Structure formats: C-alpha cells, structure tokens
Amino acid sequence: MKYNFTKQELKWQKFWEKEKIYAFQNNGKVFSIDADPPTLSGQMHIGHVSSYTHEDIVARYKRMAGFNVFFPFGVDDNGLPTAKLVEKENKVRFFDMQKNEFLKLCNQTIKKLLPEFISSWKRIGVSCDFTNTYSTISPEIQKLSQEMFLKLIEKKRAYQKESPTLWCSGCKTAIAQAELEDKETKTEFCFLEFKLKKDKKVINIATTRPELLPSCVAIFVNPKDKRHKKLIGETAIVPLFGQEVKILADKKVEIEKGTGIVMCCTFGDTTDIEWFLEYKLPLSICIDKNARLNDLAKEFKGLTTKQARETIKQALEEKGILKDRKEITHMLNVHERCGTEIEILSTKQWFVKYLDLKKEFLAQSGKFNWYPPFMKARLDNWIKGIKWDWCISRQRYFGIPIPVWYCKDCGEIILPDKKDLPIDPTHTKPKKKCSCGGNDFIPETDVLDTWATSSLTPQIAKAKIPMSLRPQAHDIINFWLFYTLARSYIHFKKLPFKDVFISGFVLDEKGEKMSKSKGNVIKPENLIENYGADAIRYWASQAGMGEDIRYSEEEIRIGKRTVTKIWNASQFCLMHLKAYKPNKAELKFIQDEDKWIFTKLSEAIENYCEKMDKYEYQRAKEIIDSFFWNDFCDNYLEIIKHRVYDEEIEKKSLRAAQFTLYNILLSVLKLYAPIMPFITEEIYQSYFIKFEKEKSIHLTFLPKPDKKFLTEFKDFELVIEAIAQIRKYKSEHHLSMNAEVESIKIKSSPKIKKYLPLLGKLMSVKQIKIS
RNA sequence: GGGCGGUUAGCUCAGUUGGUUAGAGCGUUUCGUCGACAUCGAAAAGGUCACAGGUUCGAGUCCUGUACCGCCCACCA
C-alpha cells in the first residue's frame, strides 16, 4: 500500500478544522505567539511557507510540551499595500477614481482574494486558531486603531505639523523613514557656474540635481577649505533663475567632493533640511506632489523632475553655464513599495513624537530574549539612527481614517467620542459644536500608516502582554518589531513580548534573492502538489534562526523520502501489532535490545527538547532523524525481526517486542509531529487512536525521557558496535548481509559474551571470536 | 564611512565551556533485494578547518590583524 499524501493531507486538514484541534484554551500555562498577519497578496509565497513553518513548529512543540498555545491568525489587508494590490488586480489607479468607487473596489477585491489566501496557510498545516481569524481593515480593528490614535493625542504623542516630509510621488503620499530603500542609480554630476553678485566672478558648483536650481536658497563651503574661504559672506546669483543666495560656511561640506562648493535647496536631501533649520533659510519649494515643477520654475513649469533635469541641463549648456559633466553611480532613496525616487516636500502631516524616547527604546530592546542574539544590534542600530518622528498620515483613500475634524472657524482639532468609533470623518460630523461656537468642520481626509495598526498586533489579538514570542523575518525589524516596541512602550510602558525570533529569507537555488524581474520566483502551490506539505515543511525546517534558506528541490525530495520511510516503518510495526493490546505489564519482560532502544529514545527526547526550547528546531529535526532512521529502523527493527516472525519464540518475548514497538513508534511520531503534522496524524489515526485518549496526535504530550536502563543500554551498545564490524567485514568481502559466515573475529569487550548467540543469529555467523 | 554575520569534505551545513584518528546529509565509487521500505540497506573514497601572527602542554574552537562573501544603517552637493 502506498501513502497518498495529497488525499490524506487534505483529509487531516479538514479534520483539524472541523474538530477545532487548535482552538485556544485560556487556562493553565499559556504560550502566546504574536504571529505575523501576512499582507494580503494574490498568493502565498515561498517565504511565507518558510517562516510560518518555523513558527508553527514552535507552536506545535509548545502545545505538545503542555502549554496552551495562543496562536492567532490574521490577514493584513489594510492600507497602502492592499490598495496597491487592488490597483494591480483591477488595472486602475486610485487617483483616477472617485474615492467611494475605489473603496468599493477594495472591499470587493479583498472579499474575492481572502478565502483562498487564508486556505494556503491551512494547506501547509499551520496550527493557528482559525476559529478567530481577523482582518486588519475590519471595523473592530479600525475602532481599536483609532482609539489608540486618540490615546496618542491624549498623551501628546501624536501631533500635526507642516514640515519637510518624505514624499512618494508614485503613491502620492507621505511616507516614513522606515519605508525608504536604497537604489543604485546612474546619474551625472553637473559642474555649473554661478556668478558672484559683487564682482561677477565665477564659482563652480557641482550638482546632480540641476532641476532644483529654482529651490536653491544658499551655498555652502567648508570653513576649513582654503580655496573657498574668501567666498564666505558673499552673495551669488543662481543661473537661469536669478535669485540671490548667500554663501555660508558649514563643516558638513566635504572639501574633496565635487568642487567643494555645494548648493542648498529646499529640499534635495536631509542635509538641506538640517541647514534650512539651522540657518533659518527661506523655504522655496519647486516640486509639487506629482513630482512636477511648479511656478517657481518659470518656463520649466509642468515638467516632471526627470524631464526638467534634462531640459535644464540643455538650457544651461546653451548658455555656457554647464561647464562639465561626469557620470557617477550613487545611492538614491526610493520608496520600498514602488521604487519611486523620494522627494522631500513641505507638507502638513500627523506624526508620532518619539525622537525623545530613543534611550528608552534601546533599553526595551535590551530586555528582549533575542534569537539569535546578534539580531539585537540590527534593531539598536536602527533606533540610534532615527532622524524623523514617525509620520503616520497617508494621503490615500484606502486605510483606517484619521478620526479628527478641524473647526472651520478657529482651526481647533475636534476629536470624536470613543464610543462612536470607528468613524470616517468624511462621512460623519462631530456631535458637538466647537468650543469657539463654530459648527462648520473640515474632515481629515488622510488615513493612517498601515504600521500604525500593525504595531498593535498584541492588542489586536487581545493578548496579555508581554506575549511569549514574536516570530518574524529580519526585513521588518525596522518596521514591525520597532513600531510594536515603540507603541507598547508609549501606551503601556511594557514589553510587547519576551522572546524575539528572527527568521531569514528564502533564496533561489543559487543563493540569490528571488524577484519577479529575475524570474526566479518559486511558487509553493506546485510544490505542495508534487511533494506534499510535510515534505516542504521538512525542507523549511532546516533553516535556523536568522539564517536565509536556499530553495532546494533536493531537500524537499529528502523530506518526501522521510515521509515514505515513516510510512513504511509504520506499516511494518503495525503489521506486527495487529493482535496486540497495549499493556504496561509487558514492561517486566522487555529484553536488553528493548532497553537499549528505550534509553536511546530517552537521550533523543532530552536533546530534542533542549534544542526546541531554544528554538533550534532544525537541530531537533536532526536528532529525531538520526534516532528514527539509524537507531530505530536500521538497527532495532532488524534486531527484533526474529522475535516477531519466529513462530517458536516465547510469547513473552513477542509481547515485549510489541510493547516496545508500540511505544517507540508512537514516540517517534510525536517527535516528528511538529515538523510533519500530516503523516504523523495519519498513522496515529490509523492505529493508535484505538488506545490513546486524545483525538489527534497534536493534542498528545511528548514522551518523557527515562534512563532507568542505562546499564543494559551501555552493554548492548557493544552489540551495535559488533554489528558494524561484521557489516564492514561482509561489505569488504562483497558478501550479502545475510550470507552465512563460518567464523569471524571482532574487537570488543568480554561483556559482549552474553549477546553472542543473538549476534550470531542476527548476522548469520556461526562462530564469533573476541579480541 | 558605522554596525552585524559568514569563510570547515565536490555541494549544503554541524562542531557545545580549547583535549585523543574533525562530523552529518546530498553527490561520487563499490557491494547487497522476493519476509516494512531500491523513495531501501552495507561499506569506501574525500578536508594543510580562508590567510598571517599570538596565547597555551595542546586551537576548527580564545586574542590580534588581513582578505573575500552577504546583510543592515548612513552618505548620496
């Protein structure tokens, strides 16, 4: 009989769901997991398979170790990422549509995609409590998120301000520092001539962004630069646009770079902002929210920044101002969601004030138990480098509305009552007049950053904090991990969770990142079909904490082979357990080889748990693999074959062997269950269910190690060693393993003597001599 | 430029607090099947542990430095 994994895996998946095997029981020892609500996308990708397998192995292990495991499931279908998916799926752009239409489309699309999306998680055997699946855009979570936002206002942590903001012209919204990504870009250094007002003398300035000339508000040189020292205090005239700007000194100017003279525009980069603030420079913005030049750019108005760059270069060239060009490659900040180059504009946004809390955040980071420890440095590094308060307002249609109005008369911010949440201020009005007596209100149209909601996952799940474990990948340390830490500290002065487990990425077979443009993306659904979920989980479980994992069809094949081996070994065991009823009384008849395998199992359990407790599931897997394959299959099963086949064997001996088989096999299945939940359930249900009280193997407890047979174990190890010697002898003489041998000499201790008859029978050797 | 990882058999990786001939899986080679399994079993070959110094009776394991690979952050005139 062959194991039909496709059919059986689906069967058990349905069984678990119907029987609510993983529903959370809120009592006793609780182990709570702050699971990552996957961002709604068309399909589950292989990275999800890997990271969810990891946390699921932990969840299943903890459950079998006696914990009540809180493992909620949610989908993040809120805000920008989902809106972008909706735009892609329906081939629309939000700004071409009416807000209401777009929102309707969002809801429709989510409804369409969600069920299949969630089913992928069930298909790979994730043991979340699906009886309570949440969606981050649901009204309940909108309410929670808005309520927490109002609390930020109460605590004077949320504030609104017009200030330089990171702006994505592709998504047409402000974004946060964490959403920046590097992108290597080729560009040209342009060497321009500016004239001094005083004597029309020429100075040379190098810039990569001539389109920002209209925004030039000052020129800087390094005070230590002997070449340019005399320029300090002079006034220069900006070419083409004619504005007069002061030449100032600042040590941030690199003498070696360009010509050592730099123009400061509002705003080209963060240094410009610093200078703008420090030297109280005028604000002069020439780029609008669509990344097109505005009135300030005069005849260049309406051009995109890219067009303007070329057109202005041309104009400069014609006038002889552009003296030289030099191609360079440098890093640009782009939006991680769309790759659009980021501009810095002055806009009015809502921020969460937290720059003053860096020290506290670092202290919180130090209180986590980090797995692996070195990942702490990543978070700390990020916290130390934060330059901006958290911009949480987004100029988008789809998301959780920022629940405020502004009084038309006095501009006062009007907040809703908590009991009325969730609200959309564009749909409802405040219930009271403004304190100034005004009764006209302007609704806030912005929505919240998705992370403003995702940073509340413990509260969303209604978990008690600190939770036990946060599992997540390293790419969102600056986002999810950091924001959750920050929110938890600001609201509760508490850690959100105790342990942090960081997992890695899935790379392709060559070790390169997967990306659509490279065409090396592996889709999990085909793999599940061909190899089964257990096999894929087996592959995924080889990556340890903090490690990237390579996609490896070979490793999946090994996983499938392991499933088959478990199946076959079980068939053998069950064949000989047909007429057997478990009876503990058999224990007193067990023989030394039984005691040996029991002790070997105990060692394996001990090591396995030690690794699992440290989240080193990949090591735990190796331990059970080696016990099952080498000790149990290759040795023990071979050793006891005569006891289960020989008609003349004593009943006691047979039953003792059956007793051992029953217990060892069940233990093996339990130890494999967190990694391969399907095959283990299959065998449990096909036999053990008759005698065990739990309705699923996943509700049973792991066996306890027991070393009362240590002496017999050590003696019997001699037999195992002797078998190896005889196997080697036969192999070297090209004999089959059951070929008869007259006489053989082995190296061993006299203690082996009592086992010689057994050994001779096992290995078909008539006479064994010891040296 | 700042920070963090990594460099051990052809490949993917283990090597705990420094201690006898450095391990596993895959691959390779040789051999073995009608009593669970050829998706199997047995055996063999294969490594100057990136490099250079140092500590030590003794270092893959500790210290210093170098090189290369990867990642995060910053810069990005």
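Predicted model only: the values in this text are computed from it and were never measured. Worth knowing before you read on, the calculation uses all heavy atoms, side chains too, and leaves out hydrogens, waters and symmetry mates. Chain naming here is simple, since letters A, B, ... match the order of the sequence lines and numbering starts at 1 in each.
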Indicate whether OP1 or OP2 belonging to B/A14 is found under 4.0 Å from a side-chain N or O atom of A/Q618.
-> no
Would you check if A/W629 and A/T562 make a side-chain contact, meaning some heavy-atom pair closer than 4.5 Å?
-> yes
Between A/R561 and B/C26, is there a side-chain N or O to OP1/OP2 distance below 4.0 Å?
-> yes
For A/F220, which contact category applies under a 4.0 Å heavy-atom criterion: base, sugar-phosphate, or nothing?
-> nothing
Would you check if A/Y687 and A/L665 make a side-chain contact, meaning some heavy-atom pair closer than 4.5 Å?
-> no
For the side chain of A/E638, starting at C-beta, report the closest nucleotide among B/U30, B/C37, B/U39.
-> B/C37
Considering every strand shown, what is the Watson-Crick or G-U wobble mate of B/G53 when both distances are under 3.5 Å?
-> B/C63
Can you tell me, in whole Å, how much space there is between the C1' of B/U12 and that of B/U55?
-> 34 Å
Taking the side chain of A/K387 as heavy atoms from C-beta outward, which of B/A42, B/C71, B/C75 is closest to it?
-> B/C75
Is A/R619 touching bases, backbone alone, or none of the nucleic acid, heavy atoms closer than 4.0 Å?
-> sugar-phosphate
Within 45° of the axis and under 6.0 Å from the centre of the six-membered ring of A/F572, does NZ or CZ of A/K641 qualify?
-> yes
Could you please name the option among B/A42, B/A74, B/A43 that lies closest to any side-chain atom of A/K728?
-> B/A43
Below 4.0 angstrom from OP1 or OP2 of B/C73, is there any side-chain N or O of A/N478?
-> yes
Under 4.0 Å: is that the gap between some side-chain N or O of A/K730 and OP1 or OP2 of B/U30?
-> no
Counting Watson-Crick and G-U wobble pairs only, both distances under 3.5 Å, name the nucleotide matched with B/U16, or none.
-> none
If you measure from the C1' atom in B/A22 to the same atom in B/U48, how many Å do you get, rounded?
-> 13 Å
